[in-house]
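Every heavy atom of this structure was used, including side-chain atoms; hydrogens, water molecules and symmetry mates were not.
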Amino acid sequence: MDSQKHLTEEQIACVYAWLARLFSRELDSESLLQLHASDMQDWYSLLKREPSLNQPVTILEEKIAALKLREEGQLELAADFCGLFLMSDTQAALPYASVYEQCESGDSEIKHLLFEAGMQTSETFNEPGDHLAIFLELQSHLHFSLGEENLNHLRINALRRKTVSVLLRWLPEFSANCCKYDAFGFYAALSQLGLALVQLDNR
């Protein structure tokens, strides 16, 4: 990994896992409260120590603060999630790699990457295997592994780079669609943070 990065492997792994959870399902009331929790301020401050993440985290913080002022905030956010990620019309940002022209083989590619990593998708996650959350979970696993001793870091790092390469073929368009169609902007901000993290990972 680049020695100039300000976050540890474990911290990067935690960011990926956090994003995977937020993209995988609608936020319930408990998850929404957690976003506003005081200890989350330390988390946001930690992420902003990484220069390339500073702006997207700041924008995300603004959207989280605005959620407090949004009437029926949880229901509205659930509607945003459904409209962006579960609809098939043109005004959507579908979170599946194979939907995007640059990554039509995304489903088979993620299956191969998971196999190489010794991972498999959870039976409780009822989404196609090329869902963004699965890519993010894989990256989380790989970064945790890079922080462990007595593992083949060269092999793990090569697999991490392969995953980043696949993500960068479709994540920019996915994020652009989020920004275009998410009027409130929470998921747009989240997608921008995700893209910035993957671009950081590509250094």
Side-chain angles (χ1 to χ4, degrees), residues 1-25 43 46-47 50 52-53 56-57 81 84-86 88 92-178 187 190-203:
M1 293 301 295
D2 193 325
S3 60
Q4 295 182 351
K5 289 186 175 68
H6 293 72
L7 299 174
T8 67
E9 298 294 355
E10 185 178 33
Q11 288 166 342
I12 293 174
C14 288
V15 184
Y16 272 119
W18 181 60
L19 290 171
R21 189 170 65 251
L22 292 174
F23 277 118
S24 66
R25 63 183 66 89
W43 174 242
L46 172 68
L47 299 189
E50 186 63 60
S52 62
L53 301 184
V57 172
F81 184 96
L84 279 170
F85 305 140
L86 302 179
S88 58
L94 298 179
Y96 313 107
S98 57
V99 167
Y100 297 87
E101 184 177 351
Q102 308 91 321
C103 205
E104 291 178 352
S105 60
D107 186 55
S108 60
E109 287 183 90
I110 187 62
K111 285 178 181 176
H112 184 68
L113 290 166
L114 290 170
F115 177 78
E116 284 194 68
M119 295 177 67
Q120 58 185 14
T121 56
S122 170
E123 293 181 359
T124 61
F125 187 55
N126 298 318
E127 289 284 354
D130 61 338
H131 191 285
L132 174 59
I134 293 175
F135 281 91
L136 299 177
E137 284 286 1
L138 173 58
Q139 284 297 85
S140 176
H141 169 78
L142 295 173
H143 276 280
F144 270 124
S145 297
L146 285 171
E148 295 284 331
E149 296 181 3
N150 304 319
L151 291 177
N152 187 338
H153 287 187
L154 286 176
R155 180 180 175 279
I156 295 166
N157 204 40
L159 191 52
R160 176 193 64 81
R161 287 191 171 277
K162 285 182 188 177
T163 310
V164 166
S165 177
V166 176
L167 276 166
L168 287 177
R169 297 212 313 267
W170 67 280
L171 201 59
E173 185 177 349
F174 166 79
S175 181
N177 287 343
C178 285
Y187 288 106
L190 205 63
S191 72
Q192 287 287 287
L193 175 57
L195 178 58
L197 181 65
V198 174
Q199 288 170 335
L200 173 67
D201 218 355
N202 193 42
R203 278 204 222 153

From CG (Leu138) to CG (Leu159), nearest 0.5 Å: 6.0 Å
Residues Asp107 and Tyr96: side-chain donor-acceptor under 3.5 angstrom: no
Near-ring test His131/Phe23, centroid separation under 6.0 angstrom: no
Trace of the side chain to side chain contact (heavy atoms under 4.5 Å, CB included) decision for Tyr16 with Asp201: CA-CA 11 Å; Tyr16 272 119; Asp201 218 355; 2.8 Å; yes
Those residues that, when tested against His112, pass side-chain contact (heavy atoms from CB on, under 4.5 Å) (two or more places apart): Glu116
Closest approach of Gly129 to Ile110 (non-hydrogen atoms, all atoms of both residues): O-CG2, 3.3 Å
Nearest heavy-atom neighbours spanning Ala97 and Gly106: CB-CA, 4.0 Å
Heavy-atom pair of closest approach, residues Ser145 and His153: O-NE2, 3.6 Å
Within 6.0 angstrom of Glu10 CD, more than 12 heavy atoms from elsewhere: no
Inter-residue atom distance His6.NE2 - Leu47.CG, 0.5 Å rounding: 13.0 Å
Reported CD1-to-CZ distance for the pair Ile12 and Arg160, which is rounded to 0.5 angstrom: 8.5 Å
Beyond-backbone contact of Trp18 with Ser140, side-chain heavy atoms, under 4.5 angstrom: no
Side-chain touch His143/Ile156, heavy atoms, less than 4.5 angstrom: no
Where Pro95 and Phe85 come nearest, the two heavy atoms and their spacing: CD-O, 3.5 Å
Gln11: partners by side-chain contact (heavy atoms from CB on, under 4.5 Å), with sequence neighbours left out: Leu7, Thr8, Leu46
Atom of Phe135, atom of Thr163 and distance for their closest heavy-atom approach: CD2-CG2, 4.1 Å
With Glu104 via side-chain contact (heavy atoms from CB on, under 4.5 Å) - residues at least two apart: Glu101
Quick one: side chains of residues 190-200, donor-acceptor pairs under 3.5 Å with protein atoms, not counting sequence neighbours, listed by atom name and distance.
from	atom 1	to	atom 2	distance (Å)
Ser191	OG	Ser175	OG	3.1
Ser191	OG	Tyr187	O	3.4
Ser191	OG	Ala188	O	2.7
Gln192	NE2	Ser175	OG	2.6

NZ-CG distance between Lys162 and Leu113, expressed to the nearest 0.5 angstrom: 7.0 Å
Residues Leu167, Gln139; criterion side chain to side chain contact (heavy atoms under 4.5 Å, CB included); working and verdict: CA-CA 10 Å; Leu167 276 166; Gln139 284 297 85; 4.2 Å; yes
Heavy-atom side-chain contact between Phe81 and Leu22 under 4.5 Å: no
Check: Leu171 and Leu132 side chains under 4.5 Å, non-hydrogen atoms: yes
Euclidean distance, Glu137 CD relative to Thr121 OG1, rounded to 0.5 Å: 11.5 Å
Sequence-distant partners of Glu127, salt bridge (Lys or Arg N to Asp or Glu O under 4.0 Å), two or more places apart: none
Interatomic distance, Ser165 atom OG to Asn202 atom CG [nearest 0.5 angstrom]: 7.5 Å
Minimum-distance pair of heavy atoms, taken over all atoms of Phe174 and Leu94: CD1-O, 3.6 Å
For Ser98, side-chain contact (heavy atoms from CB on, under 4.5 Å) partners two or more places apart: Asp130
